[in-house]
Every structure is written in C-alpha cells, then in structure tokens.
Amino acid sequence: MQGVCMKDLLQQWVDGMVSRLQAEGVLPEGALPGYRMDRPKERDHGDFSTNAAMVLARFAKMKPRDLAARLLATLPQTQTDIDRWEVAGPGFINFFVSHRRLRQQVGEIIAAGSAYGRSTLGRGEKVMVEFVSANPTGPMHVGHGRGAVTGDVLCRLLQATGYAVHREYYINDAGRQVDVLGRSVAHRCRELLENRSLPPPEEFYPGEYVVDIVHALPPPLRKELEAWLVNPRDGQGETVLTTVTRFAVDWVLQDIRKDLTQLDISFDHWFSERSLHEQDGIKHALEILRARGWIHDGLLEKPKGGADKSQGDWEARQQPLFRATLFGDDVDRPLQKPDGQYTYFAADIAYHLNKYERGFARLVNIWGADHGGYVKRVQAALEGMTGTKDVLKVLLVQMVNLTRQGQPVRMSKRAGNFVTLRDVVEQVGSDAVRFWFLTRASVSQLDFDLDLAVARTNDNPVYYVQYAHARICSIGRTMAEKGMQETGDDPASYPYSPDELDLVRYLDTYPEMVESAAQHLEPHRIAFYLQELAAMFHTYYNGNRILDDDPGIRNGRLALCRAVRQVLANGLELMGVKAPERM
RNA sequence: GCGCGGUUAGCUCAGUUGGAUAGAGCGUUGGCCUCCGGAGCCAAAGGUCACAGGUUCAAAUCCUGUACCGCGCGCCA
C-alpha cells in the first residue's frame, strides 16, 4: 500500500479538484453534496469512477460533462499511478490505473502477508458485541449456531479493522425458565428413584440431557435431592432445589461452551443476569430513568392480536411504565409488575446500561429474528438513560430451516426431538458449517439441508475455496520436486496479461471489501468475495501453466499465485475457516 | 389490527448505504484429461428485479400504497 491505497488517493485528488473550482468561483463555497469514488462493474469504465461532476453540476450551473472536463483540467500532471482518465456516459469521470502500479501491487500483498486487508478504520474504539446468549436451559440448536458464527466473524472483522472488540455472552440465569429446568431435573430424579415413568409437571423440559444432568449431580447433592423428594415436608426443599438448579445451569453452560469450542468461538466475558440482580443493577437503572422523568405510573392498553392467547382475562392495572413512546417505540413498556417484581425488560435495560457504564459507547447485539420486537424498546431505553442516540445496533439473524432431502425437519424443544448444533457440527465439520452459515445475508432465511451437507460435502462452497488454496500450495511442492528455483526478481518486471491484471485488480479490492463488511456488519460478504476469487483463480490456473520453463514468466505467475493464496488465507482466517495446504 | 424482515433466472440467493449493458451457485444442454491436483474449466439457454404511482441527470436500490411469505406482539423469560 505504501501509505495510501489507490481509492483514497483518487478521492483526495477529486477533493482537491473540487476545492480548486470553489476557489475559482466555478463552484459555490461551503458544503456541497457528497460524491462517490466507486469501482465500476464494466472493465471499460476504468478501475475507479466518480460521480462528482453529475452531483455537482447544478451547483456550478453547468452540464455534468462540461463540469467533468473542467475538473479534470486541474489534475496533477506528474504521476505514474494513473495511465489515463476520461469523461464518459452522462458525466462520470473514469480513471485507469497503470499496469505498472498493478504489478507493484502483487509484491505489496506478498510483503504485507497476513496483515493485508487489516486497517485502522476503527481507531481503537471500544465496541462490545453480545451474541449467542442462548438460555442455559438446554442444548443449542442450529439457529443458535448461525448467530454464533455470525457474531464471531463480525468480531473478527471489527478486530481486523482496528476496533477494540469485547465479546460477551449474556446468561439468563435468573428467570422462571431456569426454575423450570431445576424442576425438570427433580422430576427425572424422582423417575429414576422410583424406576418408572411419571406424569411430567406442566412446564417441563423433556430432553434426554435432563437425565444426563441427574447422573452428573455430585452424590451428596443427589442424595439430598432424593431425600427431599421422598420427604417433601422438610422445609429445606427450596434450598435444595436452588442448589440443584444452579448445578443444572452450570452443566448446560459447560455443554454450550463445548459446542462453541468445537466451532472455535470464545468470549471475553460471560455475564450473569443473576449478578445484575445481586448488585442492584436494576434499581440503579430505574433510578436514572426516574430522575430523568421517563417513568410514569400508568395503565397498559390491552394488546392486539396474540393469536393463541385468550384475552378475556385482560385487566388494566396501574404499574410503572417507561415512556418508550418518547423515543420512537410504539407503546410505553412496563418495568415492574403490579406486585413490585421487575419485568424481564427492566433487567434487560439494566444490563445494557451496565455495558455502557463499563465504557462501551458502541454496542452490537446479534439476535434471532424472533426477538426483533425488542429492538426499538431497548434502543429507546438506552437513549433515555444515556441521552445518546444510536448506541446500540442490533443485527437480526433470520431463521434456519433445517431440511432433510428437501423436506423440512420439524423441531420442537417441548417434544425434545430437535437436532442439536452438536449433531450437525460433528457430522458436517466446523469449516463447512461456518462457511455455509455465511453464504446468506443475515436478513435472509437460510436452508440447511442435513443430507446435502453430510453426504455431498463436495458441493459445499467451502471446499471450492479451500481447494484453490491447497492447489496453490501444491504448486510450491511440485516446484520443489522438480528442483525449480524462484529467481527472486521483482514480479513487477513481468508483463501480466489482461486476465492476470484482472486477477490483480480483484485482489486489490480485498481491503475495501473487509472495511465495508465491517462497517455494514455484513460478514457474509467475505464468503462471496472468496468464492469469486477462487473462481477467478481456477479459471486462470486452467488456462495458464504456472511452472513455465521460462524463469521470468514462472516467477511472475508464481508471485501472482502467492498473492492469491495470501488473500484466500486471510479471508478464510476472518471466517474462522481453515486454509489447508493439502486436502 | 400493529411492528420488523422479505419478494431479483426453473430452485437457492448476491447485487459495494441511487450509477453506465442486473450476477453467481445448483439444475438443464453441449464441450475440455500427452501438461503444475478434474474437489477443476469452457460454452449455451434462462429476467416485466411482486404490482402501481412518486422523487431526479440516473431507481432492483429511496418514498407512498397494494398483494403475498416469514417472524414477533400481556402483567413471560
């Protein structure tokens, strides 16, 4: 790069041209609308193109093409990076990067190595990414896996672009659901004790893992539980159950951690909701809201819809509400139940305030699409508490439809027949699972076909990309076998063909792809980029002999392959997918 | 009823925060192994970007409305 990349350089040039015309009175002083420096789709339209003349034409009271010519008249005279430029179409200004500059790029990619594509865009700013946060009441399913991979790769992207990333998992270990888990364990324990099936409690997790938890109980604790089950009149029941519940939650968390480790995903901090309660975090958050006047006691309107809920028993009651409507939400949201207990929403905003108070002014959450309804209210609360807008961005990851031979696999946690994330990872492998999850934008629903992923792994795009990498490594091995040497000449001296230059141009866009993927929170762009790069390489490889007898040609092509290999490796690293040297 | 997301080739989906002639994979049809890894490559066919208006030099992209699909919607977590 040697300081600036071509895109930034050209942007600076155009900025300079514009301010010169402002000085000459052709364009008015002051703020002007923004213009862009783009990569045109058509090769004929150059390597870079700006719409500046079209955007600014009416401010200069000139036709776009005339203004473009006027702008170009001020272009720097001495430089070797741009061969030529032109005014085209309705008024685009197109720039053509010199071949010399492109050839030089190959050497620079190789020299940059694993740092190629990294940037300091984020300027070390702290950002917290909260993801997965699956309830510790059962094994993770495939949908959790998608969120996990999306979040992990997003973190890698933000890290690569210069942000100080903190990864956090929020443990919902304080609610009714974990109580249900504890009671489920007790129920299974009783079944084992009496050696027969018993009618389950109304709320109950039926999965086989609950039995595993019973077997994993430390003997003294299990004895205590059994004693209480046999003789429940003893007032110790609540404390026994509490201990069992905590053990169960820890067991499930260990299980979840194992799944995440298999996918090479880790967290800086596992934040316990219970600890929030213990530190009076909710009280603290509510005090702030109250001090700012965002809480009022009010009546909540009867909710509309809610198909399968009977609404006959709705009763309007007085309770503390957060004035979410002042910050763009649809209705005010309850913070406490009429009996004084906090709602889940209260705990949630307290957690987000806690993040902010730990010094994170930028928060990103990865949520399943089924939590989409909570985005506005949490954002509203954060704005209410901090006085700052846009602290939190939420990336909603759509559902995963598990299929088998094209037919949907119906899963229900209640029936206990769901396919776990672990099943899938063990069958398909971490690389394929990770890559597959990133072959769709997060907003798109994703079909995951078990048979396709397992039985026909060759069709998986990850192999296509990995194969390109392994192929290049293979060239190196072959060269060694044949006793060929690299000359060590500067690859810039080799006259690349048009196809080879196209490949270089595509390698040159890699850093821009990484930056935009990070800024738009769209990790899937890496997968699409890598597939395209692999395709270009395979085509190139098929049509050109790399290990040519002519040392000059061989050296130039080897350098290009090396650069391609580096970018493939860097991109795969960002995705957390291995770049194998042979397959 | 309301909110969020979606609608692009036969199927599954990309489309760089408005750009020039809308792309890929799978599938279909037909080709490429004396040569560095055929897990590969080449070619062909396939489109009213759901529909109707609007905004402007320019709309798959932004705005409004309509249709259909998914998710969500209590004082649960």
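Below, chain A is the first sequence line, B the second, and so on; all start at residue 1.
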How many Å lie between [atom1] on [X] and [atom2] on [N], as a whole number?
X: A/M62; N: B/C57; atom1: CE; atom2: C1'; value: 15 Å
X: A/I472; N: B/A39; atom1: CD1; atom2: P; value: 16 Å
X: A/N51; N: B/U17; atom1: CG; atom2: C1'; value: 13 Å
X: A/L446; N: B/U12; atom1: CG; atom2: P; value: 13 Å
X: A/Y463; N: B/A39; atom1: OH; atom2: C1'; value: 10 Å
X: A/F92; N: B/C57; atom1: CZ; atom2: P; value: 14 Å

Answer yes or no: does a side-chain N or O of [X] lie under 4.0 Å from OP1 or OP2 of [N]?
X: A/K41; N: B/U16; value: no
X: A/R471; N: B/G38; value: yes
X: A/K337; N: B/A77; value: yes
X: A/T478; N: B/G37; value: yes

Assign the ring pair [X] / [Y] to parallel, tilted or perpendicular, where the plane angle (0 to 90°) is split at 30° and 60°.
X: A/Y529; Y: A/Y510; answer: tilted
X: A/Y496; Y: A/Y494; answer: perpendicular
X: A/W436; Y: A/F448; answer: perpendicular
X: A/W367; Y: A/H371; answer: tilted

Please measure how far the [atom1] atom in [N] lies from the corresponding atom in [M], and state the result in whole Å.
N: B/A24; M: B/G15; atom1: C1'; result: 10 Å
N: B/U64; M: B/G3; atom1: P; result: 11 Å
N: B/U8; M: B/A59; atom1: C1'; result: 14 Å
N: B/A45; M: B/C51; atom1: P; result: 24 Å
N: B/C57; M: B/G1; atom1: C1'; result: 43 Å
N: B/U17; M: B/C13; atom1: P; result: 22 Å
N: B/U56; M: B/A50; atom1: C1'; result: 24 Å
N: B/A67; M: B/A22; atom1: P; result: 31 Å

Which part of the nucleic acid, if any, lies within reach of [X] when heavy atoms closer than 4.0 Å are counted: base, sugar-phosphate only, or nothing?
X: A/T539; result: sugar-phosphate
X: A/G372; result: nothing
X: A/N544; result: base
X: A/M479; result: nothing

Are B/A20 and A/H45 stacked, with the base six-membered ring and the side-chain ring centres under 5.5 Å apart and planes under 30°?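 Per 5.5 Å and 30° rule: yes, stacked.
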Under the 5.5 Å and 30° test, is A/Y467 stacked on the base of B/G37?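 No; by the centre-distance and plane-angle rule, A/Y467 does not count as stacking on B/G37.
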### Message
Between A/D47 and A/R505, does any NZ, NE, NH1 or NH2 come within less than 4.0 Å of an OD or OE carboxylate oxygen?
### Response
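Salt bridge present between A/R505 and A/D47.
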Select from A/Q336 and A/N94 the residue whose nearest nucleotide in RNA chain B is closer to the 5' end of that strand.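 That would be A/N94.
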With nearest nucleotide decided by heavy atoms, which residue, A/E581 or A/R58, maps closer to the 5′ end of RNA chain B?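 It is A/E581 whose nearest nucleotide is closer to the 5' end.
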To the nearest 0.5 Å, what is the distance between CD1 (A/I526) and CG (A/L574)?
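One finds 4.5 Å between CD1 of A/I526 and CG of A/L574.
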